[in-house]
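These notes are about the structure you will find just below.
Here is how names work: the chains are called A, B, and so on, in the same order as the sequence lines, proteins then strands, and each is numbered from 1. Basis for what follows: all heavy atoms, side chains included, without hydrogens, waters or symmetry-related copies.
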Amino acid sequence: MSDVLAVTDHRRGELRDVSYELITAGRELADATGGALHVAVISGTVDEFAEKLDREGVDTIHTVDHGEEFNHDVYTQTVTQLYDELAPQYVLAPNSVNGLDYAPAVANQLDLPIVTDTVDLEADGDSLTATREMYGGKVETTAELSGDAVVTIRGAEWPAAEGTGDASIEAFDVDIDEDAVGSTVTGFEEVGGGDVDISEADVLVSVGRGIEEEENLEIIRELADALDATVSSSRPIVDNGWLPKNRQVGQSGKVVTPDVYVAIGISGAVQHVAGMKGSDTIVAINTDPNAPIMDIADYAIVDDLFDVVPALTEEFQ
Amino acid sequence: MKILVTVKEVATVEDEFEIEGTEIADQYLGADLNEWDDYAVEEAVQLQENGVADEVVTVTIGPEDCEQTIRQALAKGADRAIRVWDDSLAEADLLDVGAKTEILSAVVEAEDPDLVLTGVQAGDDSFGATGVSLAEEIGAQWGAVVNHLEHDLEDGVASVRRELEGGVEELTEIELPAVLTIQTGINEPRYASLRGIRQAQRKPLDVQSLDDLGVEGSAVDSELELTDMYEPESESDVTVWEGGADETASELGELLREKGVAP
């Protein structure tokens, strides 16, 4: 029998969706090993969070009332103490920016292997098979390990746990060494404000790495003008400073749901897709017929954007 | 102040490729400096230009073949490079986070930097875990997914912004010594100048074995075993418009009119 400990994620008073997905992933593993599912919620309004986390399949919820927001030292110390106390086989954490800020430290401190960004997990006795992507999603791999491990899961790969559970809620008495807390969060800032709100647009003409040069953006602007559409982009365009942050679609940018999303020279990395998959109709213009964007596109033109975009602009002039 | 930057040569894959066992066949692979590391190198070089850092050292774990890639960092302004390699590393199938942590921590011990910069992740295996794991191992502070670093580093504190999801940034103060994992977009990585490229050929590139670093050969034994690699099944039910640009553009134009969104 091997238990699972799932560590939930919250920010500024809200549990993040992946918390409920962790319960589903954790329950599946615990079922396979015949163990219990422990859920930990650390910092913030833990009692309120615990009530929300009490969904089907959770055996015990451990609340740790220490501070308001995420602090990786507090999380690292708490999770290692929970591991010592509960002796779970698997510690599950979200593959979020905060998950990656403490899970590797927990694994190293406990001398456990870590597998990150998993999209599927199969437990069989003492061994675990983790599925993850490599080369930006071009291939999937399976990796096997045995014994205890720290595992982070990708968001939106498991369904959210539902229903009302019957978990016992226990306050965990953590012993935080404040001297070892070497970082302090001083605030949060929303970025990407400004003149345009791309999440309000009906039609987005969205441009990616395939545009190659900053001056080539002109053909995208011309198309947007002709269509009366709004220009957005994938991450590399903003990283290059060619468009401001408020134009970025994706995990670290905006989530958009326009009527039509035209992805031009965008390969469709998972972080980008997370921000636009809710669009009503998705059109991809890309030279690579195997680009991941094709998996979610409704229509595609497999051709050079430098030929197609001007031709489309002409259609509307 | 001394800065150590971890860099990695990553494999790039062509659009069309074949898989042999648990690897992509050689002829479809290229090599490049990991994109995230390029930003980490740039940040370190800027800190040196601003007079905050005295020395920038890069470290990589990789075979001789990767020296050309690693010299890109020297061409952009790093002072010297360390490359860790030996037979036991050449034989290893997969270097997991624990193995990289152990090797890099030995380098940190020898170099004693005030600041270690790594990329958030490597573009090939994308574990995104080595930097934070390394920080824990060497007893340093850390910050993951940093997209802004104040260059004064006054009173031994790094003021950073961490890029959270959904367009939110976290403002954090981190005590030095620290490991920061650097996100793309934190700066604009420069192109190496011709002069820089020439100079890079003369800069020291020191090759060290595990033995030199005092790391046991067993450190490279991975607890993870790669058992399969395959192309993900396409869930695509995309309608592909065929024909020349004029034809496909007019199909798309028609769709936009149908949807009532075209002028």
Side-chain angles (χ1 to χ4, degrees), chain A residues 11 96-97 100-101 104-105 107-109 113-117 129 134-136 138-145 182-192 202-203 227-228 238-239 241 251-254 259-260 281 283 288 290 294-295 297-303 307-308 311-312 315-316, chain B residues 13 15 19 22 96-98 101 123-129 132-133 135-137 141 143-145 162-165 167-175 184-185 188 223-232 234-236 238-241 245-246 248-250 252-253 255-256 259 261-263:
Chain A
R11 188 198 302 162
S96 60
V97 172
L100 289 176
D101 202 34
N108 197 63
Q109 195 169 327
I114 182 168
V115 200
T116 59
D117 205 18
T129 302
M134 273 180 73
Y135 304 109
K138 280 189 169 159
V139 299
E140 279 188 1
T141 61
T142 55
E144 225 175 87
L145 60 86
S183 66
T184 315
V185 177
T186 57
F188 294 94
E189 204 171 293
E190 306 272 351
V191 292
D202 296 330
V203 184
L227 287 174
D228 203 12
V238 173
D239 278 351
Q251 209 165 64
S252 54
K254 285 254 166 62
D259 296 337
V260 180
T281 301
V283 183
D288 178 8
N290 301 317
M294 299 300 174
D295 285 350
D298 301 295
Y299 300 92
I301 298 171
V302 180
D303 203 350
D307 294 330
V308 177
L312 186 59
E315 279 268 312
F316 291 95
Chain B
V13 185
D15 287 343
I19 294 169
T22 56
D96 69 5
V97 175
T101 299
D124 48 11
D125 59 14
S126 309
F127 270 91
V132 172
S133 180
E136 204 284 330
E137 179 69 24
Q141 301 300 328
V145 194
R162 294 180 56 236
E163 184 192 78
L164 305 181
E165 295 85 356
V168 177
E169 292 180 354
E170 178 198 276
L171 285 66
T172 307
E173 310 266 297
I174 300 170
E175 291 169 16
T184 58
E188 282 183 45
E223 291 177 271
L224 276 178
E225 192 196 347
L226 214 53
T227 48
D228 199 8
M229 180 183 283
Y230 50 90
E231 286 189 66
S234 172
E235 293 150 15
S236 173
V238 64
T239 303
V240 179
W241 289 314
D246 286 335
T248 55
S250 91
L252 175 49
L255 175 83
L256 294 171
K259 299 275 169 194
V261 293

If one checks every heavy atom of B:D124 against chain A at 4.5 Å, the contacting part turns out to be both
Taking the side chain as everything from C-beta on, heavy atoms only, tell me whether B:L256 gets closer than 4.5 Å to A:V260. yes
Side chain proximity check, A:L100 to B:V132, heavy atoms < 4.5 angstrom:
no
Can you tell whether the side chains of A:R11 and B:E165 come within less than 4.0 Å, N to carboxylate O?
yes
Residue from B:V145, B:I174, B:T227 scoring the most non-hydrogen pairs under 4.5 Å with chain A is B:T227
Honestly, the part of B:S250 sitting under 4.5 Å from a heavy atom of chain A is both
Cut-off 4.5 Å, heavy atoms of chain A, and the answer for B:V13 is both
Interatomic distance, NZ@A:K138 vs CD1@B:I19, rounded to 0.5 Å, equals 11.5 Å
If one checks every heavy atom of A:V203 against chain B at 4.5 Å, the contacting part turns out to be side chain
Value for CD (A:E189) from CD (B:E170), rounded to nearest 0.5 Å, stands at 12.5 Å
d(B:E163 CD, A:Q251 CD) to nearest 0.5 Å is 9.5 Å
With chain A, the option among B:E175, B:E169, B:E137 that has the most non-hydrogen atom pairs under 4.5 Å is B:E169
Comparing B:G185, B:G167, B:G143, B:P232 against chain A, the one with the most heavy-atom pairs below 4.5 Å turns out to be B:G167
*Is there a donor-acceptor contact under 3.5 Å from the side chain of B:K259 to the main chain of A:D259?*
no
Worksheet entry | Exam field: side chain B:R162 to backbone A:V97, donor-acceptor pair closer than 3.5 Å | yes
For B:A249 and A:I301, the nearest pair of non-hydrogen atoms, with its separation, is N-CD1, 4.5 Å
**Item:** Expected output: side-chain A:T142 to main-chain B:D228 donor-acceptor under 3.5 Å
**Value:** yes
Per-residue tally against chain A (heavy atom, under 4.5 Å) across B:V240, B:T184, B:L224, B:L226 peaks at B:T184
A side-chain contact here means heavy atoms from C-beta on lying under 4.5 Å apart; do A:E315 and B:D246 qualify? no
The reported gap from OG1 in A:T116 to CG in B:D125 (rounded to nearest 0.5 angstrom) is 8.0 Å
